[in-house]
Protein chains: 2
Amino acid sequence: MDKRIYEMHAGICCIFSNPKRLEIIDLLRDGEKSVNELSSLMEIPQANLSQHLSLMRQSGILDTRREGVNIYYSIANPKVIKAFEIMREVLLEQLSRHEKLAKKIKIA
Amino acid sequence: MDKRIYEMHAGICCIFSNPKRLEIIDLLRDGEKSVNELSSLMEIPQANLSQHLSLMRQSGILDTRREGVNIYYSIANPKVIKAFEIMREVLLEQLSRHEKLAKKIKIA
DNA sequence: TTAATATATTAGATTATTCGCATATAATAA
DNA sequence: TTATTATATGCGAATAATCTAATATATTAA
């Protein structure tokens with residue numbers, strides 16, 4: 001297997017390893033939003049939001065479209081959402097495994 | 001949406017944001033392997049391999065099983081593989097988009 | 001042109017990750 | 001017990017990521 005795929009995959013996972021960026025992606029799930037809209041939904045300083053957006057745009061995760069003074073961000077490839085859904089299933093299954101384990105230990 | 005899911009998702013993506021760890025997961029795709037087997041397949045120092053394995057075990061991505069002196073690692077939840085496949089499709093589509101764009105620019 | 005609004009960028013302090021190296025533990029064999 | 005093989009852990013230096021604060025740019029309106 002070509003090791004460059006691991007580099008690329010690791011790179012994109014690195015982008016995803018920040019909760020605010022994941023929240024942004026989630027907010028864009030059902031369509032584009034302007035920076036302003038995101039900003040009012042998100043409780044982080046505007047500058048910081050722009051930094052996250054910029055990073056995701058550069059790495060091809062988000063697309064942008066300018067309309068007058070506003071810039072609209074959207075998810076470049078909806079498969080990302082699909083991958084996220086599966087990964088969250090994994091997380092939930094991990095949680096329930098953990099809970100079951102915790103119960104077993106308490107009973108024993 | 002509960003923001004803890006973003007924390008958790010970011011956490012697991014952080015684990016995945018290292019090419020060597022992704023290579024390990026790939027090597028475990030079709031079944032468990034001992035540390036020794038992984039070590040001979042991977043061109044990294046054994047200590048470093050153990051560090052990566054330990055991290056993935058702690059975060060519930062890998063399971064372990066001891067058999068005598070050997071410890072066998074395996075993928076805890078095969079859905080991880082599924083998520084990886086989709087994410088790699090995204091990466092390949094990004095690449096081809098990029099190539100097409102590069103061509104367009106050269107022609108223009 | 002100036003002002004106002006929307007968005008992006010830079011710099012620097014802080015914190016987290018990663019690796020190499022040395023060492024530790026665990027199981028088994030002799 | 002001692003030796004051997006398999007695996008794990010702790011420490012420290014190098015590097016990278018993240019946030020804040022200040023500032024810059026871009027678009028439109030007046």
Kindly list each side-chain donor-acceptor pair under 3.5 angstrom involving residues 47-55 of chain B, sequence neighbours excluded, with atom names and distances?
unit_1	atom_1	unit_2	atom_2	d
B/Asn48	ND2	B/Gln51	OE1	3.1
B/Ser50	OG	B/Gln46	NE2	3.3
B/His52	ND1	B/Arg21	NH1	3.1
B/Ser54	OG	B/Gln58	OE1	3.1

Quiz prompt | Nucleotide D/dA8, atom C1' - distance to CE of B/Met56 in whole Å | solution = 15 Å
Produce the list of close N/O pairs, under 3.5 Å, pairing protein atoms with atoms of nucleotides 24-30 of chain D; give distances to one decimal.
none

Quiz item: For the pair made of CD in B/Gln46 and C1' in D/dT4, what is the distance, rounded to whole Å?
Solution: 15 Å
Quiz item: Has B/Tyr73 got a side-chain N or O lying under 4.0 Å from the OP1 or OP2 atom of D/dA8?
Solution: yes
Quiz prompt | Euclidean distance, atom CE of residue B/Met42 to atom P of D/dA6 [Å, nearest integer] | solution = 18 Å
Self-check item: B/Gln51 CD - C/dA22 P separation (whole Å)
Solution: 14 Å
Quiz item: How close or far is atom C1' of C/dA4 from atom CG of A/Asn70, stated in whole angstroms?
Solution: 14 Å
Practice problem: For B/Tyr73, check ring pair (Phe, Tyr, Trp, His ring centres under 6.0 Å) against everything at least two apart and list the hits. | Solution: none
Quiz item: Take atom NZ in A/Lys33; do more than 12 heavy atoms of anything else shown fall under 6.0 Å from it?
Solution: yes
Practice problem: Identify whether A/Tyr72 and A/Met56 are in the same connected component of the hydrophobic contact network (ILVMFWY, side-chain heavy atoms under 4.5 Å). | Solution: no
Practice problem: To the nearest Å, give me how far apart CG (B/Leu62) and P (D/dA8) are. | Solution: 11 Å
Quiz item: Which pair of non-hydrogen atoms, one from A/Glu37 and one from A/Ser34, has the smallest distance, and what is that distance?
Solution: OE1-N, 2.7 Å
Quiz item: Hey, does B/Phe16 have a side-chain heavy atom less than 4.5 Å from the side chain of B/Ile25?
Solution: yes
Quiz prompt | Candidates C/dT9, D/dT7, D/dA8 - which lies nearest the side chain of B/Leu53 | solution = D/dA8
Quiz prompt | Whole-Å gap separating P (D/dC19) and CD (A/Glu43) | solution = 14 Å
Quiz item: How sharply is the helix from C/dT1-D/dA30 to C/dA30-D/dT1 bent, taking the axes over five pairs at either end and rounding to 10 degrees?
Solution: 10°
Quiz item: Between B/Ile71 (CD1) and D/dT7 (C1'), how many Å, whole number?
Solution: 6 Å
Practice problem: For B/Pro45 and for A/Gln58, find the nucleotide of DNA chain C with the closest heavy atom, then tell me which residue's nucleotide is more 5'. | Solution: A/Gln58
Self-check item: Remaining members of hydrophobic cluster (4.5 Å side-chain criterion), A/Ile86
Solution: B/Ile86
For nucleotides 15-18 of chain C, list the nitrogen or oxygen atoms of the protein found under 3.5 Å from its nitrogen or oxygen atoms, one pair per line.
unit_1	atom_1	unit_2	atom_2	d
C/dT18	OP1	B/Arg21	NH2	3.3
C/dT18	OP2	B/Arg21	NH1	3.4
C/dT18	OP2	B/Arg21	NH2	3.2

Self-check item: Pairwise side-chain contact, B/Ile81 with B/Arg29, heavy-atom cut-off 4.5 Å (strictly under)
Solution: yes
